[in-house]
Amino acid sequence: MSVSSSESPNHHNLTIGILALQGAYEAHAKTLATLGATTRLIRTPEDLEGPEKIDGLIIPGGESTTMLKFLERNHFLDTLQRFVRTTPTFGTCAGAILLAKDVQHPAQTSLGALDITIERNAYGRQIDSSILTEPTSLPGGPLEMVFIRAPRITRTGPAVETLATRNGFPVLVRQGHLLAATFHPELSQDTRVHQYFLDLIKTPGA
Ligand code: GLN
C-alpha cells in the first residue's frame, strides 16, 4: 500500500479529548478540526479511561474552582491525575492552574503534574483581560495572546521549558508531554500552539 501524496502535513490522525465540564471547550474543538485532528468531549472518568483511547487531552480555560467541584465527583480527579502522568495534556488558563504543582492566590487542589507555581487572577480586576502580541520561540514570530482573568506563572522547575513570555513571565511552557498556556490560543486565528501540541504528541520526548 502506498502512502497518499495528497496527505496534508497538518493531518495528524489523532484523537484529542477535550475536558468539557465547564468553560471554553468548543473553540478548542474548532481549532483542532482545522488541523485535521478528531476531537472527543470528555465528561466522565469512563470517557477518559474507557476502551476508546484518546491520544491527548486539552483541559480548557474557565473557572478552575468550578471544574474542581465537578472533578471531585466519581473519583474523576484521581482518574485525571493518573491520566496526565503519562498522556500528552495541554492546559489553557484554568487548565494550566489545574495541571500545576503549586497553586497560589489562593492555594487550591490541583493535579500536581507540571512543575510550576501559578498565581490565580494575577493581573487584577481592572485590567483583567487583554489581547497582546508577545515573543515566542515557536516558529513564525510573535504570537497573539488573549488573556482572560489570567494566572501568572511565578516559578518553573528545571525540567520546564518556556516557549513564550509576557513581561518576562512565562505564559507558554512545556515539560515533556505536558503543555500549558496562561492565555487562550483557541480564541485567536493563529493555530501554532495547537499545532505544537499535536506535534508534541507525535514526539513526546523532543
Ligand atoms: N481565573 C480563572 C481561574 O482562576 C482562570 C481564567 C481562565 O481560564 N480564563 O480558574
Side-chain angles (χ1 to χ4, degrees), residues 16-32 39 41-43 56-73 76-77 80-81 83-84 88-134 136 143-156 160 162-167 169-175 178-194 196-197:
I16 308 300
I18 307 172
L19 193 68
L21 299 173
Q22 185 265 341
Y25 51 87
E26 290 289 356
H28 280 291
K30 283 199 185 118
T31 305
L32 289 171
T39 57
L41 298 183
I42 302 294
R43 294 200 160 100
L57 177 72
I58 290 184
I59 307 180
E63 263 318 307
S64 52
T65 45
T66 309
M67 283 189 217
L68 277 170
K69 286 210 179 84
F70 285 109
L71 288 169
E72 273 153 17
R73 298 178 194 160
F76 203 168
L77 193 65
L80 186 57
Q81 194 160 33
F83 181 90
V84 303
T89 301
F90 176 24
T92 56
C93 209
I97 295 168
L98 288 178
L99 278 179
K101 251 193 186 141
D102 183 20
V103 181
Q104 298 182 343
H105 192 234
Q108 71 184 20
T109 304
S110 66
L111 298 165
L114 179 62
D115 190 12
I116 60 171
T117 299
I118 196 161
E119 198 181 297
R120 295 181 59 214
N121 301 317
Y123 295 95
R125 284 180 188 280
Q126 296 301 317
I127 45 158
D128 54 9
S129 299
S130 48
I131 302 177
L132 305 173
T133 299
E134 298 289 323
T136 175
L143 187 66
E144 181 183 271
M145 301 172 186
V146 179
F147 291 94
I148 304 170
R149 303 186 58 235
R152 177 154 50 202
I153 296 169
T154 55
R155 180 195 64 86
T156 54
V160 176
T162 296
L163 301 166
T165 55
R166 169 185 180 177
N167 298 331
F169 287 96
V171 292
L172 179 64
V173 296
R174 175 183 180 173
Q175 180 186 332
L178 300 175
L179 183 68
T182 61
F183 58 97
H184 286 258
E186 78 284 7
L187 298 181
S188 294
Q189 295 301 313
D190 194 326
T191 57
R192 275 181 290 161
V193 180
H194 288 81
Y196 183 86
F197 180 55

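Predicted model, so just to flag it, every value in this text is computed and none were measured. Numbering of ligands and ligand atoms starts at 1, following listing order.
- Gln22 places a side-chain N or O within 3.5 Å of a backbone atom of Glu63 that can act as its donor or acceptor partner.
- Looking at Glu63 against ligand 1, both its backbone and its side chain come within 4.0 Å, counting heavy atoms.
- Residue contacts with ligand 1 do not include Met67, since none of its heavy atoms lies under 4.0 Å from the ligand.
- Considering backbone and side-chain atoms together, Ala94 places an N or O closer than 3.5 Å to an N or O of ligand 1.
- Annotation: side chain of Phe76 is in contact with side chain of Leu19 (closest heavy-atom distance under 4.5 Å).
- The protein heavy-atom contact nearest to atom 7 (C) of ligand 1 is Cys93 SG, 2.8 Å.
- Regarding atom 1 (N) of ligand 1, its nearest protein heavy-atom neighbour is Asn121 OD1, 2.6 Å.
- The shortest distance between side-chain heavy atoms of His28 and Thr92 falls below 4.5 Å.
- Proximity of a side-chain donor or acceptor of Arg152 to a complementary backbone N or O of Glu119 within less than 3.5 Å is not detected.
- The closest protein non-hydrogen atom to atom 4 (O) of ligand 1 is Arg120 NE, 2.7 Å.
- Remark: ligand 1 atoms within the under-4.0 Å shell around heavy atoms of Ser64 are 3 (C), 4 (O), 10 (O).
- Within the 4.5 Å cutoff, side-chain heavy atoms of Val171 are placed close to those of Phe147.
- Taking a cut-off of under 4.0 Å to the non-hydrogen atoms of Ile148, the atoms of ligand 1 that pass are 6 (C), 7 (C), 9 (N).
- At distances below 3.5 Å, at least one donor-acceptor pair connects side-chain atoms of Gln81 with backbone N or O atoms of Leu111.
- Considering backbone and side-chain atoms together, Thr65 places no N or O closer than 3.5 Å to any N or O of ligand 1.
- Taking every heavy atom of Ile97 and a limit of under 4.0 angstrom, the matching atoms of ligand 1 come to 3 (C), 4 (O), 10 (O).
- Within the 4.5 Å cutoff, the side chain of Asp115 has heavy atoms near those of the Arg155 side chain.
- Between atom CG of residue Leu57 and atom CZ of residue Phe197 there is a gap of 7.0 Å, rounded to the nearest 0.5 Å.
- A cation-pi arrangement is absent between Arg166 and Phe183, since the terminal nitrogen or guanidinium carbon is not both under 6.0 Å from the aromatic centre and inside a 45° cone about the axis.
- Annotation for ligand 1: atoms under 4.0 Å from non-hydrogen atoms of His184 are 7 (C), 8 (O), 9 (N).
- Residue Thr92 has no nitrogen or oxygen atom sitting less than 3.5 Å from a nitrogen or oxygen atom of ligand 1, judged on distance alone.
- Nearest-heavy-atom check against atom 6 (C) of ligand 1 across Gly62, Gly61, Ala150 picks out Gly62.
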